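When reading the values below, keep in mind they use all heavy atoms of this one structure, side chains included, and skip hydrogens, waters and symmetry mates. Not measured: the values here are computed from a predicted model.
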Amino acid sequence: MTVEELYAITGSYNAHNIIEKLGIIVTEVSFSVLNELAICDPQQGLIFIRNDLSNNLHEFALDHEIGHIVMHNDIQSPLYMSGNKSKIEKQANDFAIELVAKNHKIPEEQVVKYLNDTFPFLKLNNKKTRCVNNVSENVI
């Protein structure tokens, strides 16, 4: 599913509106429980997100997990743990970048620059570049 297809279904680019429309359950947890920013169970429509994230990082992490839910809900764990992880994570990052950009009506390049400048551990690339490295794959 693309961001535009998601908009056609939900009428919004805002993560909280999308979560409500799709019936996704979001649970905030502490860093002691989850050392990644967020994780999800795409088949169950569940997102677990850390409760210590800034608003902007929280939005990006939610959008990333929404991307997994709408694009990867048919992917089983063994496939994810195989060589496809890099591709799957890049797809979710690209989805989140586009969703943030459309929600705030700013260019995707500006989203990538802001996130990379503010949260350099993400090491995001825009859609025109090659897959991100293993460091960022393990962060989100």
Side-chain angles (χ1 to χ4, degrees):
M1 177 180 296
T2 67
V3 168
E4 289 306 318
E5 290 169 333
L6 181 62
Y7 181 84
I9 293 168
T10 64
S12 182
Y13 296 116
N14 179 280
H16 297 288
N17 294 340
I18 293 166
I19 286 164
E20 183 178 329
K21 291 274 188 179
L22 296 183
I24 297 169
I25 298 168
V26 177
T27 302
E28 292 194 0
V29 296
S30 72
F31 176 73
S32 64
V33 174
L34 182 65
N35 62 0
E36 297 181 21
L37 299 178
I39 59 171
C40 73
D41 180 338
Q43 294 175 333
Q44 299 297 317
L46 301 171
I47 296 174
F48 298 92
I49 188 164
R50 285 189 12 205
N51 61 4
D52 64 341
L53 304 180
S54 70
N55 290 339
N56 292 334
L57 192 54
H58 187 272
E59 178 184 6
F60 178 78
L62 277 181
D63 288 349
H64 176 97
E65 300 306 329
I66 289 168
H68 280 307
I69 289 171
V70 300
M71 293 187 302
H72 306 135
N73 62 1
D74 59 343
I75 294 177
Q76 301 296 317
S77 289
L79 177 61
Y80 179 77
M81 294 312 208
S82 72
N84 290 321
K85 183 176 180 180
S86 178
K87 179 180 176 184
I88 291 166
E89 289 303 312
K90 179 161 177 18
Q91 287 173 342
N93 281 343
D94 289 347
F95 187 92
I97 291 165
E98 183 177 351
L99 198 54
V100 169
K102 290 189 182 287
N103 186 42
H104 294 282
K105 299 180 175 111
I106 56 177
E108 289 179 32
E109 296 78 19
Q110 187 175 339
V111 173
V112 172
K113 180 173 178 4
Y114 168 80
L115 290 170
N116 280 335
D117 288 351
T118 310
F119 311 106
F121 59 87
L122 291 175
K123 298 184 190 254
L124 295 172
N125 290 309
N126 66 23
K127 294 180 184 182
K128 279 56 170 187
T129 62
R130 60 188 170 85
C131 288
V132 295
N133 64 31
N134 288 335
V135 173
S136 62
E137 291 170 10
N138 293 326
V139 172
I140 297 182

Pair Glu89, His68: side-chain N/O donor-acceptor within cut-off below 3.5 Å: yes
Non-hydrogen side-chain atoms of Val100 and Glu59 separated by less than 4.5 Å: yes
Leu37 side chain near Phe121 side chain, heavy-atom distance below 4.5 Å: yes
Test side chain to side chain contact (heavy atoms under 4.5 Å, CB included) applied to Ile9 and Lys21, step by step: CA-CA 8 Å; Ile9 293 168; Lys21 291 274 188 179; over 6 Å; no
ILVMFWY network linking Phe31 to Val33, side-chain heavy atoms under 4.5 angstrom: no
Pairwise distance NZ(Lys102) to CG(Asn14) - rounded to 0.5 angstrom: 15.0 Å
Any Phe95 side-chain heavy atom under 4.5 Å of Glu65 side chain: no
Distance, nearest 0.5 Å, that separates CG of Asn103 from CD of Glu98: 12.0 Å
Ile106 and Tyr114, any side-chain heavy atoms less than 4.5 Å apart: no
Same apolar cluster: Val26 and Leu53, side chain cutoff 4.5 Å: yes
Nearest non-hydrogen partners of Pro42 and His72, listed with the distance: CB-O, 3.8 Å
Note, Thr27 side chain near Leu46 side chain (heavy atom, < 4.5 Å): no
Stepwise side chain to side chain donor-acceptor pair (under 3.5 Å) test for Thr10 and Ser12: CA-CA 5 Å; Thr10 64; Ser12 182; 5.5 Å; no
Asn93 vs Leu122, side chain to side chain contact (heavy atoms under 4.5 Å, CB included): CA-CA, chis, key distance, verdict: CA-CA 10 Å; Asn93 281 343; Leu122 291 175; over 6 Å; no
Atom pair OH/CG of Tyr7 and Asn17 - distance to nearest 0.5 Å: 10.5 Å
Working for side chain to side chain donor-acceptor pair (under 3.5 Å), residues Gln110 and His104: CA-CA 11 Å; Gln110 187 175 339; His104 294 282; over 6 Å; no
Salt bridge (charged side-chain N to carboxylate O under 4.0 Å, His left out) partners of Asp41, counting only residues at least two apart: none
Leu124 side chain near Val111 side chain, heavy-atom distance below 4.5 Å: no
Atom pair CG (Asp63) and NE2 (His58), whose distance is rounded to the nearest 0.5 Å: 10.5 Å
Euclidean distance, Ile97 CD1 relative to Glu109 CD, rounded to 0.5 Å: 9.5 Å
hydrophobic_cluster_shared for Ile66 and Met71, side chain cutoff 4.5 Å: yes
Pairwise distance CZ(Phe48) to CG(Leu34) - rounded to 0.5 angstrom: 9.0 Å
Ile18, Val3, Leu6 screened by side-chain contact (heavy atoms from CB on, under 4.5 Å) with Val70, the one that passes: Leu6
Aromatic plane relationship, Phe60 with His64 - under 30° parallel, 30 to 60° tilted, over 60° perpendicular: tilted
Atom of Ser30, atom of Asn51 and distance for their closest heavy-atom approach: CA-OD1, 3.6 Å
Stepwise side chain to side chain contact (heavy atoms under 4.5 Å, CB included) test for Ile69 and Ile47: CA-CA 9 Å; Ile69 289 171; Ile47 296 174; 3.7 Å; yes
Any Leu62 side-chain heavy atom under 4.5 Å of Ile19 side chain: yes
Heavy atoms of other groups near Asp117 CG, more than 12 under 6.0 Å: yes
Over all atoms of both residues, closest heavy-atom pair of Pro107 and Ala101: C-CB, 4.2 Å
